[in-house]
Amino acid sequence: MEDNTDQRLRGPGPAVEAQREALAVWRPSEDELLAHRLRAGQAAQAALPRPRPRLRPHEQHAQSPGGLRARVSDLSANGAIPSAEVLAELASPAAIPRDAARALAELRAVGELAVEAFPGAGIPNLLALTLSRLAEAAALPAPILTEPFASATTYAVNPDLFPAAWTAADLLMHTPYARYYGIDCAALRDLAERGDPAEFAELCARRAGLRTDRRTAPDGAEVVALAREAAVGEQARVLTTFNMATLVRVVGIDPPSGWDGLARGAFTAARRRSATPKRVACAWRQLVFHLSLCDAGRQAAVLAWIEAEFARLPRPVAARLSPDFTRLRAAAAPPTSSGTRLFRRVLRP
C-alpha cells in the first residue's frame with residue numbers, strides 16, 4: 001500500500017517539465033497562428049510564375065526591334081491612330097537615335113503622324129517635349145518649342161520663343177494666317193532677331209488686350225510676366241504657331257492627307273459639341289494654319305466645303321463659329337492695298 005502511494009505522489013519527469021516551461025514562455029494565440037499561415041501563403045503565391053500581361057498594339061511596337069520610324073510607319077499602316085501620350089512613349093529617351101540623320105528622319109516621321117492624327121490639336125506639349133529631344137539629336141538649327149513660355153518665379157522668358165516666332169513670321173508672311181490674326185510678319189521677324197524678352201511679352205499682352213504686367217525679377221530688373229495670364233500665353237502660341245511652322249520649314253514634314261485635308265479635319269474638331277472654348281480656339285488656329293499652306297484653288301475648295309457644312313451644323317454651333325468663318329473668308333480673299341491697311345486696323349490688337 002505504501003509503495004503504491006509513493007508512486008502516485010511522485011513528481012513529473014524532466015521531459016514533462018521542459019514542455020510546461022516552453023508553453024509558459026510562448027503560448028501562440030489564434031491571431032498569431034493565422035498571421036503566420038497568411039505570411040506563408042503569400043510567400044508561396046509570390047514564388048509562382050506570373051502570366052505576362054497582354055500588351056496593347058502601341059506597347060508591342062514600343063518593345064519591338066527596329067527604329068522609331070519603322071514603328072511609327074507600322075502604326076500608321078495598321079490604322080492605329082495613337083494619342084499624344086502614345087507617340088511620346090514611342091520616342092522615349094532610350095529610343096532616340098544618336099545619329100543626326102536618323103534622328104531627323106524619325107523626327108519627320110513622328111511629326112507627320114502627329115499632324116495627321118491631331119489636325120485640330122496641333123502638337124500637345126507632352127509630344128513637343130519628345131520632339132524636342134529628337135530635334136536636339138538631329139542638331140536642328142531651330143529648336144522645338146515647349147511650355148512653359150516663361151518662369152512663374154523668375155519671369156525669365158523661354159529663349160526658344162524667338163527662333164519659333166522668326167520661323168513662323170518668315171513662313172506665313174502675306175498668308176491668310178497673318179491677315180486673320182493681324183500679324184505684321186516683318187516686324188515680328190525683326191523682334192525675334194533682337195531677342196528682347198520684355199518686348200515680346202509686351203507684344204503678347206497688347207494683342208491679348210491686357211495691361212502689361214511688370215514684375216521685379218530676383219536680380220532686381222523690371223520684366224514683363226509672360227506666364228501670368230492664359231490669354232497672353234495664347235498670343236505666344238499664335239505668334240509662334242507652337243511648332244507647326246518649325247515642323248514645316250525646318251523639319252520638312254509633308255502630311256499624306258495634304259494641307260487641305262488637314263484643314264477639313266481641324267474644322268471637324270472645332271465644330272464638335274463637346275469641344276471646350278480652349279479646344280475650339282486651338283482647332284480654329286490649326287484650321288487657319290493648314291489653310292494658309294494651300295494654294296488658292298484648294299483654299300477656295302476648303303472654304304466652299306466649310307460653308308456647305310454650316311448648313312448641317314446645330315444652330316448653337318453655327319452661331320458660335322459664324323463670326324470666325326466670316327473673318328476667315330475675308331483673310332483668304334486676295335487683299336487690295338487699301339483693304340490690307342483696313343483689315344490690319346480692324347483686326348490687329
Side-chain angles (χ1 to χ4, degrees), residues 81-85 87 111-128 147 168 171-172 175-183 207-209 230-245 247-248 253 255-295 298-333 343 346-347 349:
I81 302 300
S83 65
E85 291 77 11
L87 285 177
E112 287 180 354
L113 180 57
V115 174
E116 285 279 338
F118 315 109
I123 304 298
N125 192 56
L126 178 63
L127 184 57
E147 297 184 38
L171 175 68
L172 298 170
T175 64
Y177 189 97
R179 294 191 291 270
Y180 182 88
Y181 288 108
I183 302 173
R207 290 180 57 85
V232 179
E234 177 61 23
Q235 288 303 316
R237 295 184 190 91
V238 168
L239 294 175
T240 62
T241 69
F242 198 53
N243 296 309
M244 291 301 300
L247 288 175
V248 173
I253 65 171
S257 297
W259 297 109
D260 54 339
L262 296 183
R264 292 182 175 89
F267 178 77
T268 301
R271 72 183 181 184
R272 291 193 180 102
R273 289 187 176 183
S274 59
T276 62
K278 182 178 179 180
R279 290 180 181 272
V280 171
C282 180
W284 201 263
R285 184 176 72 245
Q286 293 299 113
L287 165 60
V288 179
F289 178 86
H290 300 328
L291 187 71
S292 298
L293 298 186
C294 298
D295 56 32
R298 287 185 172 85
Q299 286 182 12
V302 171
L303 292 174
W305 177 83
I306 293 176
E307 189 171 10
E309 290 296 307
F310 259 91
R312 291 189 283 268
L313 292 180
R315 287 185 179 179
V317 178
R320 171 166 53 88
L321 297 179
S322 181
D324 294 330
F325 181 60
T326 301
R327 284 182 57 191
L328 181 59
R329 289 185 67 92
F343 195 85
V346 171
L347 297 181

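In terms of heavy-atom proximity, Pro119 sits nearest to Ala266 at O-CB, 3.5 Å. Contact record, Gly120 with Ala269: CA-CB, 4.1 Å, taken as the closest heavy-atom pair. The shortest non-hydrogen separation linking Gly122 to Met244 is CA-SD, 4.4 Å. Summarising the geometry of Ala270 relative to Ala275, their closest heavy-atom pair is O-CB, 4.5 Å, with the distance given to 0.1 Å. In terms of heavy-atom proximity, Ala168 sits nearest to Ala245 at CA-CB, 3.6 Å.
Surrounding CZ of Arg320 are more than 12 heavy atoms belonging to other residues, nucleotides or ligands, all under 6.0 Å away.
Considering only heavy atoms from C-beta on, Gln235 stays 4.5 Å or farther from Tyr181 through its side chain. Proximity of Phe242 to Asn125: side-chain heavy atoms (C-beta onward) are separated by under 4.5 Å at one or more points. With contacts defined as side-chain heavy-atom distances shorter than 4.5 Å, the pair Leu171/Val248 qualifies.
Under the 30°/60° scheme for interplanar angles, the aromatic rings of Trp259 and Phe289 are found to stand perpendicular.
We find the CD-CG distance between Gln286 and Leu291 to be 12.5 Å, quoted to the nearest 0.5 Å. Residue Leu287 holds its CG atom at 11.5 Å from CZ of Arg271, rounded to the nearest 0.5 Å. Here the straight-line distance linking atom NE2 of His290 with atom CZ of Arg264 works out to 12.5 Å at 0.5 Å rounding. To the nearest 0.5 Å, atoms CG (Asp260) and CD (Gln299) are separated by 10.5 Å. For the atom pair CZ of Phe310 and CG of Leu321, the computed distance is 5.0 Å after rounding to the nearest 0.5 Å. The distance from atom CG of Leu262 to atom CZ of Phe267, rounded to the nearest 0.5 Å, is 15.5 Å.
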Practice problem: Show your reasoning for whether side chain to side chain contact (heavy atoms under 4.5 Å, CB included) applies to Asp295 and Arg298. | Solution: CA-CA 6 Å; Asp295 56 32; Arg298 287 185 172 85; 2.8 Å; yes
Quiz item: For Tyr180 and Asp324, what are the C-alpha separation, side-chain angles and deciding distance, and is it a side chain to side chain contact (heavy atoms under 4.5 Å, CB included)?
Solution: CA-CA 9 Å; Tyr180 182 88; Asp324 294 330; 3.7 Å; yes
Quiz item: Checking side chain to side chain contact (heavy atoms under 4.5 Å, CB included) for the pair Arg237/Glu147: CA distance, chi angles, key distance, verdict?
Solution: CA-CA 10 Å; Arg237 295 184 190 91; Glu147 297 184 38; 3.2 Å; yes
Practice problem: Kindly indicate, with the supporting measurements, whether the criterion side chain to side chain contact (heavy atoms under 4.5 Å, CB included) is fulfilled by Arg279 and Arg272. | Solution: CA-CA 10 Å; Arg279 290 180 181 272; Arg272 291 193 180 102; over 6 Å; no
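Salt bridge status for Glu234 with Arg285: present, with a side-chain N to carboxylate O gap under 4.0 Å.
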